[in-house]
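Have a look at the structure below before the remarks.
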Amino acid sequence: MSQTVASQLIGVLEQIGVKQIFGLIGDSLNPLADAVRRSQIEWVGVRHEEGAALAATGQAKLTGQLAVCAGTTGPGSNHLVAGLYEASRDHAPVLALSGEMPRSLRGTDYIQTTEPDLLFRDVSLYTETIATAAQAPGVIHQAIAAAYAGPGVAHLTFPQDVLSAKAEGAMSSLATLKPHSEFAAAEGDIAKIVERIDRAGSVVIMCGAGCRGAVDSLRALSDRLKAPLVHTLRGKELMAYDDPRWMGGLGMIGTKAVYHAVQNCDLLVMIGTDYPYSNFLPTKGSVIQIDERPQVLGRRAPTALGVTGSARPTLKLLLERVSAKTDTRFWDKVTNERRKWDEMLDKQCDLKRSKDRIHPQAVARAVSDAARRDAIFVLDTGLNTLWSGNWIRQTGSQRIIGSFNNAAVGTALGQANGVQALDRSRQVIALTGDGGFNMLMGEFMTAVHHRLPVKAVVYNNSALGLITLEAESVGLVPFREAIEFPNPDFAALARACGGHGFTAREPGQLKTALSEALAVDGPAIVDAVVVADEMPNMPHIDLEQAGHYAVAKIKEAVLAVTGG
Ligand SMILES: Cc1ncc(C[n+]2csc(CCOP(=O)(O)OP(=O)(O)O)c2C)c(N)n1
Ligand SMILES: [Mg+2]
């Protein structure tokens, strides 16, 4: 059989290392799926195309390698779009494929008509319809190159007859399709950074996701400068929580020690982060920012020096040049405050806090304590992000992903499926609110179907919990009928799907439910029934200042979580 455009595309994806395609088959996609059937690539059929986009995104976030999802004509592809925003916002290289009606039917308001290039315009760095076989090799190459260059989403539409057409031409330059290389800051910029660091008394180093791979240098720099290392939520996974240098996060998922350190240091060095919550950053301008992306420099806080460069090679150069500091007073103060904050967290998550009710912090801490040392946590969005983000004590070899820039509810399970498909022997734990789980709970069937042993831990408060807080913070009466909802028996649901289900209603049941769920072979749901009226910590507010002021500040805090 001669090669078709579909088999040419699949051949290319195979050659560049794509192992799976997540999608939902149908009409125009049939020729594509047929090419997958003949290949080494695994077709992971999902229950909802948003789940396919999320699964691909989860993979791409974790590995930085291209991941692929597919949806068929019109409605099938429409479902991809919401999930793709995860990849777009977190800069993960994803190729989205849309099937499309045959070219002869275009422009006649035929059934399932959409304008995919218009629909995918916002979420994609590159979107193109392949109109002829001759166009395919060049456009496929360009799309993948664009996804890696962003990184972000590239989208291609294939009319059904084009997919089945005889391939023309061959793909060349496959070797160029890979993540871009790191680069060091220029010599002149290094000199300027060194001069400012040498001049400063106290230095704090803020580490974002861009610091992956640079941990040894960060430790060395911290030791040399007696500088606390603080992190963004995406940076949290990089080091163990109990590394004495790793003081904690900044913001609502963070500590008072870190907030004070950032506000009071002489110099804040931000590396590999586009941390968006300006209200937690210093306003006085003593900030240096180092990042690969020139467009992110200086946009979140008044910044004295912005330098383009990747974290790892730039830190190496800095280590060759910066002078050691000896004064440990600032370091000691931050360490002291951090210890107190940690003790407070321990109290809040103590299972003995209430006799008959489970506090959500205890769920996060129990999951953290029971997880393997190389587990992957996938967080959802809502109050539950605060519980998971603040109470998980990461090991440094675990991974933590979520919807940290898109802040979308209902994204954890889909991403967890994708991550689990990369390695079915790795422990993958989705921590999600009940509202988030309900949104795409059909994707639990994707896990069952494809033997993806994902463990989903549901914080069950029968409410869109964060919304209660949002309403109260702006002086509105929470609209209970809109916020609260009934849940199914999640454990029974899991079993009905062919998975495993466990329930914890009382503190005494939590650890057993979790350890049993983590021990079973196959996907499982843990229904953790938690108190609904738990208040989050506000590291930037002194809680002694109760009353109206605190309530007003909750608004600020909530906006910091939801992005407004
Ligand atoms: C897709 C999407 N829909 C709506 C929102 C607005 N929103 C933010 S948090 C939240 C509540 C989530 O409820 P749940 O999953 O139960 O988590 P909880 O806050 O109760 O922990 C909502 C609706 C959003 N961010 N994303
Ligand atoms: Mg909820």
Side-chain angles (χ1 to χ4, degrees), residues 1-13 21-37 43 45-54 56-57 66 68-85 87-88 94-147 149-150 152-171:
M1 200 179 120
S2 65
Q3 210 187 26
T4 62
V5 170
S7 58
Q8 185 180 44
L9 167 67
I10 296 305
V12 167
L13 296 179
I21 296 178
F22 299 89
L24 204 150
I25 197 170
D27 47 80
S28 53
L29 275 191
N30 288 325
L32 184 85
D34 188 55
V36 175
R37 191 171 63 79
W43 178 266
V46 296
R47 293 311 99 102
H48 188 296
E49 291 87 349
E50 185 176 347
L54 289 170
T57 299
L66 188 81
V68 183
C69 59
T72 189
T73 318
S77 286
N78 295 351
H79 275 181
L80 290 175
V81 176
L84 288 173
Y85 276 93
S88 156
V94 168
L95 177 65
L97 305 171
S98 288
E100 170 66 314
M101 66 184 69
R103 285 168 298 174
S104 56
L105 295 171
R106 295 282 305 157
T108 61
D109 200 15
Y110 192 66
I111 183 170
Q112 297 191 321
T113 289
T114 59
E115 287 293 341
D117 288 331
L118 203 57
L119 179 68
F120 284 78
R121 180 68 273 160
D122 182 50
V123 78
S124 309
L125 297 165
Y126 181 90
T127 174
E128 195 64 56
T129 298
I130 303 206
T132 71
Q135 195 192 357
V139 170
I140 293 169
H141 185 278
Q142 190 60 53
I144 298 171
V153 177
H155 171 248
L156 291 176
T157 301
F158 290 87
Q160 188 172 354
D161 54 321
V162 175
L163 274 177
S164 315
K166 188 163 174 289
E168 289 179 38
M171 284 271 300

Seminar exercise, completed: To the nearest 0.5 Å, atom CZ of Phe158 lies from atom OG1 of Thr129 at 9.5 Å

For this session: Output the distance between atom NE2 (His155) and atom CG (Asp117), rounded to the nearest 0.5 Å.
Result: 7.0 Å

For this session: Would you give the length of the straight line joining atom CE of Met101 to atom CZ of Arg106, rounded to the nearest 0.5 angstrom?
Result: 6.0 Å

Exercise. Of the non-hydrogen atoms in Val5 and Ala133, which two are nearest, and what is the gap between them?
Worked result: CG2-CB, 3.6 Å

For this session: Indicate the atoms forming the closest heavy-atom contact of Ala70 with Leu32, along with that distance.
Result: CB-CD2, 4.4 Å

Exercise. Tell me, do Ile140 and Met171 make a side-chain contact under 4.5 Å, heavy atoms counted?
Worked result: yes

For this session: Decide side chain to side chain contact (heavy atoms under 4.5 Å, CB included) for Val139 and Leu156; before the verdict, give the C-alpha distance in whole Å, the side-chain angles of both, and the deciding distance to 0.1 Å.
Result: CA-CA 8 Å; Val139 170; Leu156 291 176; 3.5 Å; yes

Problem set entry | Sub-4.5 Å side-chain heavy-atom contact between Ile10 and Ile21 | yes

For this session: Check step by step if side chain to side chain contact (heavy atoms under 4.5 Å, CB included) holds for Phe120 and Leu84.
Result: CA-CA 9 Å; Phe120 284 78; Leu84 288 173; 3.5 Å; yes

Exercise. Got Phe22 and Leu54 here, is their nearest side-chain heavy-atom distance under 4.5 Å?
Worked result: no

Exercise. Is the shortest side-chain N to carboxylate O distance from Arg121 to Glu115 below 4.0 Å?
Worked result: no

For this session: Grab the two heavy atoms, one from Leu95 and one from Ala143, that are nearest each other, plus how far apart they are.
Result: CD1-CB, 4.1 Å

Problem set entry | Donor-acceptor pair, side chain of Thr113 and main chain of Tyr110, under 3.5 angstrom | yes

Seminar exercise, completed: Residues passing the side chain to side chain donor-acceptor pair (under 3.5 Å) test with Tyr126, sequence neighbours excluded, are none

For this session: Dump the intermediate steps for side chain to side chain contact (heavy atoms under 4.5 Å, CB included) on Asn78 and Leu119, then the final yes or no.
Result: CA-CA 8 Å; Asn78 295 351; Leu119 179 68; 3.1 Å; yes

Exercise. Do you know which two heavy atoms are closest between Pro116 and Thr127, and how far apart they sit?
Worked result: O-OG1, 4.3 Å

For this session: Tell me, please, which residues at least two apart from His141 pass side chain to side chain donor-acceptor pair (under 3.5 Å).
Result: Thr176

Exercise. With sequence neighbours excluded, what pairs up with Gln8 under the side chain to side chain donor-acceptor pair (under 3.5 Å) test?
Worked result: none

Exercise. Roughly how far, to the nearest 0.5 Å, is CG of Leu29 from CG of Leu163?
Worked result: 7.5 Å

Exercise. What pairs with Thr57 under side chain to side chain donor-acceptor pair (under 3.5 Å), at least two apart in sequence or on another chain?
Worked result: none

For this session: In sequence, state the C-alpha distance, the side-chain angles, and the governing distance for Leu97 and Val68, and then conclude on side chain to side chain contact (heavy atoms under 4.5 Å, CB included).
Result: CA-CA 8 Å; Leu97 305 171; Val68 183; 3.8 Å; yes

For this session: Spell out, as yes or no, whether a donor-acceptor pair under 3.5 Å connects the side chain of Ser124 to the backbone of Ala154.
Result: no

For this session: Please name all residues satisfying side chain to side chain contact (heavy atoms under 4.5 Å, CB included) with Glu49, sequence neighbours left out, ordered by chain then number.
Result: Leu24, His79, Leu80

Exercise. Looking only at heavy atoms, what is the nearest atom pair of Gly150 and Leu125, with distance?
Worked result: CA-CD1, 3.6 Å

Seminar exercise, completed: On a heavy-atom basis, the closest approach of Pro159 and Ile130 is CD-O, 3.1 Å

Problem set entry | Side-chain donor/acceptor of Ser7 to backbone N/O of Ala35, under 3.5 Å | no

Exercise. Which side-chain hydrogen bond (donor to acceptor under 3.5 Å, both in side chains) pairs, counting each pair once, include a residue from residues 159-169, with sequence neighbours left out?
Worked result: Arg103-Asp161

